[in-house]
Engineer: 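Have a look at this one.
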Amino acid sequence: MTVSIKERLASLVAEAARSIAGPAFDVGTLPIGRPKDASHGDAAIPCFPLAKAAGQAPPAVAKAFAERLVELAKENHGILTTAEAVGPFVNVRYERAALAEDVVRGVLERREPFGPWKPNDTRVVIDYSSPNIAKPFHFGHLRSTVIGAALRRIYKHTGHTVFGINHLGDWGSQFGKILIAFEEWGDQEALHRDPMRHLYEIYVRFKRESDADPRLNERAAEAFRRLESGEDNAERRRWQELRDISLEAFQGPYRRLAAEFEAITGESFYEDKIESTLAQLKDAGITTVSEGALVVEIDGMPPCILVKSDGTTIYATRDLAALYYRRATYEFDKALYVVGAEQKLHFRQLKEVIAKLGWKEADGIEHIDFGLVLTFDPEQKRWTKFSTRGGNAIFLDEVLDEAVAKARTIIDEKNPDLADKDAVAEAIGVGAIVFNDLKNTRIKDVKFDWDELLSFEGETGPYVQYAGARLSSILRKAGSDDAADAIPADIVWCALHDAERVLITMLDFGSVLERCVDKNEPYILTSFVTSLASEIHSYLREHHVLSAEPEVKAARLLLVRAARDLIREGLALLGVASPEEM
RNA sequence: GCGCCCGUAGCUCAGUUGGAUAGAGCAUCGGACUUCUAAUCCGGCGGUCGCAGGUUCGAAUCCUGCCGGGCGUGCCA
């Protein structure tokens, strides 16, 4: 197995460091970073830890360190050309041909980290999307769906065994409300025409009318009791009907968003597992009865309620049943919950309960929280929460359709002869929305802004897609867009010396994925593909491919192929399509 | 009240876990298409990193205290 140029640099740095600061020096304390200014070099090593260990001033140590690196580089060809001390830093430059070959070959031959990583033994359950099907699939559901789907693919790519789970909100007391709402105002024709919208309308109406008529809430509670009784009654049949129709309706958005699951086990799936869950929790001796409810008391926070005083269960009970089931079924090491930040307390409670049970898996339970979707309130002149109750929810399909329509308009204007315009518009429009949601740190609130959502310029999905399309176009015109094309033996790799910025960026792919996994943050990858696209757009302006001298052209075509593949790979991990043309 | 989160350019955000002169996009101003897609590129303008202390060779980053905003705070999810 070949060792990447990055790893070879790391071992060179380690060897040089030990020869300066002694064999006991902890090489891990010496970070290899990127210089502030790209003109300084390809990689930079701050020498402060080394200076401390060597007991000398940082600039002096840096100087000696750089000299040692140069010596070592002479003995080990194909890694570095220069190592220069600048004050307390050492800036190094990769040997150009080696850099180019390492990166391009790595991508095209799908070596790690560009291709799939060798399997590790970590098993990960990712709970995401999990829409409440008594409520509409609105824009707010996008976040969990898109973040979770991206994490699922990133974990898979990096060698984890992953189980993506849609913990559908298809149970619970709000179903009592929906049942009563449907009994009062339900309409079969409207339900089948547009299930989500119809259920949304009657749900909002229920919320509104129950304010004036508390009897509605009582009836809803009774309906849920009857549902949870386990009998094959009218409530159950209606529930089953609404659930099936809703679930079917969700498949459209899931397809468009490239969201896939290993299992769709909603809350109702645990209905027959609640009893044994409660028994085990009681047997463990961690439950108490408080104010008529069965709870687990937890230091420093409110108790976790298992059975309400009216005898019905609650979401925490079902989440615990799910944890028992998932431990037995998937033998997970990590259980990630991609759920909004407002449920922070609930997941802290879950984790505490599991810790009280003494499970070794407790540490692996992690709430992958994210910010709210806000809407601008012109009256209050500030960003406020969407409220389902208020009825100002924005449907996801509406947003996607709007973006696709905008993409279609731009295609007609810029590329009227394009084949398959509708398919390309779908890829661009949906890609823009997905990309936008994965652009920032999860915890940031998302401000719902049509202008920003429908912007296809700058740091956007279409910007990255466009870079990919330009690369594909070059390959098409060169007639060499065959992924199976072998890399010729006579490639002059140093012809790519002027593509250093692109190559150095591509070199980062592995550590980018590591950071994504480490922090459960897809935006790091989003940011990476944006940088790569930017480097490509700049490069293509200055460096013509098809008209270059044969040697240069051959090398550049390989670079183009590699960059195109990596952009496609990165976007695919995020859930964004890469049109060949746009 | 208490707990958690956020505060960086006019706006939206990065800042690789404490390293070099704090970076992008949008907006704005100027420039680049008879050459592989101008959904692009190049340049200008724009900063008391909320405030005040502290830690040290070095702080947007760590610690403390304030200020402002958000979320949560026992039977919704």
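Source: prediction; values computed, not measured. In the text below, chain A, chain B and the rest are named by the order of the sequence lines, each starting its count at 1.
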Engineer: Compare side-chain N and O positions of Ser538(A) against OP1 and OP2 of rC42(B) and report whether any pair is under 4.0 Å apart.
Structural biologist: yes
Engineer: Arg318(A) near the nucleic acid: base, sugar-phosphate alone, or nothing, with a heavy-atom cut-off under 4.0 Å?
Structural biologist: sugar-phosphate
Engineer: What contact category does Glu267(A) fall into here, base, sugar-phosphate, or nothing, at under 4.0 angstrom with non-hydrogen atoms?
Structural biologist: sugar-phosphate
Engineer: Establish whether the base of rA39(B) is bridged to the side chain of Tyr466(A) by a donor-acceptor pair shorter than 3.5 Å.
Structural biologist: no
Engineer: Roughly how many Å apart are rA59(B) and rG15(B), using the C1' atom of each and rounding to a whole number?
Structural biologist: 13 Å
Engineer: Please work out if Met582(A) contacts a base, only the sugar-phosphate, or nothing of the nucleic acid, heavy-atom cut-off 4.0 Å.
Structural biologist: base
Engineer: Determine the Euclidean distance between corresponding P atoms of rU12(B) and rG50(B); express it in Å to zero decimal places.
Structural biologist: 14 Å
Engineer: Across the strands shown, which category fits Glu542(A) at heavy-atom distances under 4.0 angstrom: base, sugar-phosphate, nothing?
Structural biologist: nothing
Engineer: Please determine if a side-chain N or O atom of Lys444(A) lies less than 4.0 Å away from the OP1 or OP2 oxygen of rC5(B).
Structural biologist: no
Engineer: Under a 3.5 Å cut-off for both contacts, is rU40(B) paired Watson-Crick or G-U wobble with anything, and if yes, with which nucleotide?
Structural biologist: rA32(B)
Engineer: Mind checking Ile314(A) for me? I need base, sugar-phosphate or nothing, with any heavy atom below 4.0 Å counting as a touch.
Structural biologist: sugar-phosphate
Engineer: Measure from the side chain of Val545(A), starting at C-beta and using heavy atoms only, and say which of rG74(B), rC36(B), rU37(B) lies closest.
Structural biologist: rC36(B)
Engineer: Does Ile443(A) reach a base, just sugar-phosphate, or nothing at all? Heavy atoms under 4.0 Å.
Structural biologist: sugar-phosphate
Engineer: Report the C-alpha separation of Phe89(A) and His40(A) in whole Å, then their side-chain angles, then the decisive distance to 0.1 Å, and conclude whether the ring pair (Phe, Tyr, Trp, His ring centres under 6.0 Å) test is met.
Structural biologist: CA-CA 10 Å; Phe89(A) 296 88; His40(A) 289 162; 8.7 Å; no
Engineer: Counting only Watson-Crick or G-U wobble pairs whose two distances fall under 3.5 Å, which nucleotide matches rU48(B)?
Structural biologist: none
Engineer: Would you mind pulling out the nucleotide paired to rC26(B), Watson-Crick or G-U wobble, both distances under 3.5 Å?
Structural biologist: rG10(B)
Engineer: Hey, is His537(A) stacking on rC41(B)? Ring centres under 5.5 Å, planes under 30°.
Structural biologist: no
Engineer: Nearest whole angstrom, please: distance from the P of rA77(B) to the NZ of Lys344(A).
Structural biologist: 20 Å
Engineer: Roughly how far apart, to the nearest Å, are rC57(B) and rA52(B) at atom C1'?
Structural biologist: 24 Å
Engineer: Please determine, for rG3(B), whether a Watson-Crick or G-U wobble partner exists with both distances under 3.5 Å, and give it or none.
Structural biologist: rC71(B)
Engineer: Once you apply a heavy-atom cut-off of 4.0 Å, does Gly172(A) come out as touching a base, just sugar-phosphate, or nothing?
Structural biologist: sugar-phosphate
Engineer: Whole angstrom is fine here: how far is it from CG in Asp445(A) over to P in rU12(B)?
Structural biologist: 12 Å
Engineer: Using the C1' atoms only, state how far rU35(B) lies from rU40(B), rounded to an integer number of Å.
Structural biologist: 15 Å
Engineer: Between rG18(B) and rG58(B), how far apart are the C1' atoms? Round to whole Å, please.
Structural biologist: 8 Å
Engineer: With a 4.5 Å heavy-atom cut-off, do Arg561(A) and Leu558(A) have their side chains touching?
Structural biologist: yes
Engineer: Using OP1 and OP2 only, check whether a side-chain N or O of Lys477(A) sits under 4.0 Å from rC36(B).
Structural biologist: no
Engineer: When you compare rC63(B) with rA24(B), how far apart are their C1' atoms, in angstrom units rounded to a whole number?
Structural biologist: 31 Å
Engineer: Looking for any heavy atom pair under 4.0 Å, which part of the strands does Val560(A) touch: base, sugar-phosphate only, or nothing?
Structural biologist: nothing
Engineer: Start with the C-alpha gap between Arg408(A) and Asp412(A), add the side-chain angles, then the distance that decides, and say whether salt bridge (Lys or Arg N to Asp or Glu O under 4.0 Å) holds.
Structural biologist: CA-CA 6 Å; Arg408(A) 179 61 205 246; Asp412(A) 285 337; 3.4 Å; yes
Engineer: Are Tyr270(A) and His167(A), when compared by the centres of their aromatic rings, separated by less than 6.0 Å?
Structural biologist: yes
Engineer: Roughly how many Å apart are rG25(B) and rC42(B), using the P atom of each and rounding to a whole number?
Structural biologist: 8 Å
Engineer: Taking only side-chain N and O atoms of Tyr463(A), does any of them lie within less than 4.0 angstrom of OP1 or OP2 on rC41(B)?
Structural biologist: yes
Engineer: Touch check for Ser130(A), heavy atoms < 4.0 angstrom, all strands: base, sugar-phosphate only, or nothing?
Structural biologist: nothing
Engineer: Students often get this wrong, so: under 4.0 angstrom with heavy atoms, is Asp518(A) touching a base, only sugar-phosphate, or nothing?
Structural biologist: base
Engineer: Nearest heavy-atom pair of Glu581(A) and Val424(A): which atoms, and what distance?
Structural biologist: O-CG1, 3.5 Å
Engineer: Quick one: look up who rU21(B) pairs with, Watson-Crick or G-U, both distances under 3.5 Å, and put none if it's unpaired.
Structural biologist: none
Engineer: Consider the side chain of Glu459(A), meaning its heavy atoms from C-beta on, and name the nucleotide among rC13(B), rA24(B), rC76(B) that approaches it most closely.
Structural biologist: rA24(B)
Engineer: Rounded to the nearest 0.5 Å, how far apart are CD1 of Ile536(A) and CZ of Arg470(A)?
Structural biologist: 9.0 Å
Engineer: Could you work out the separation of rC5(B) and rG65(B) based on their P atoms and round it to a whole Å?
Structural biologist: 14 Å
Engineer: What I want to find out is whether Arg556(A) reaches Glu549(A) closely enough, with some N-O distance under 4.0 Å, to be called a salt bridge.
Structural biologist: no
Engineer: I need the CZ-P distance between Arg470(A) and rC36(B), as an integer number of Å.
Structural biologist: 10 Å
Engineer: For His367(A), answer base if it contacts any base atom (sugar-phosphate contacts may also be present), sugar-phosphate if it contacts only those atoms, and nothing otherwise; contact means non-hydrogen atoms under 4.0 Å.
Structural biologist: nothing
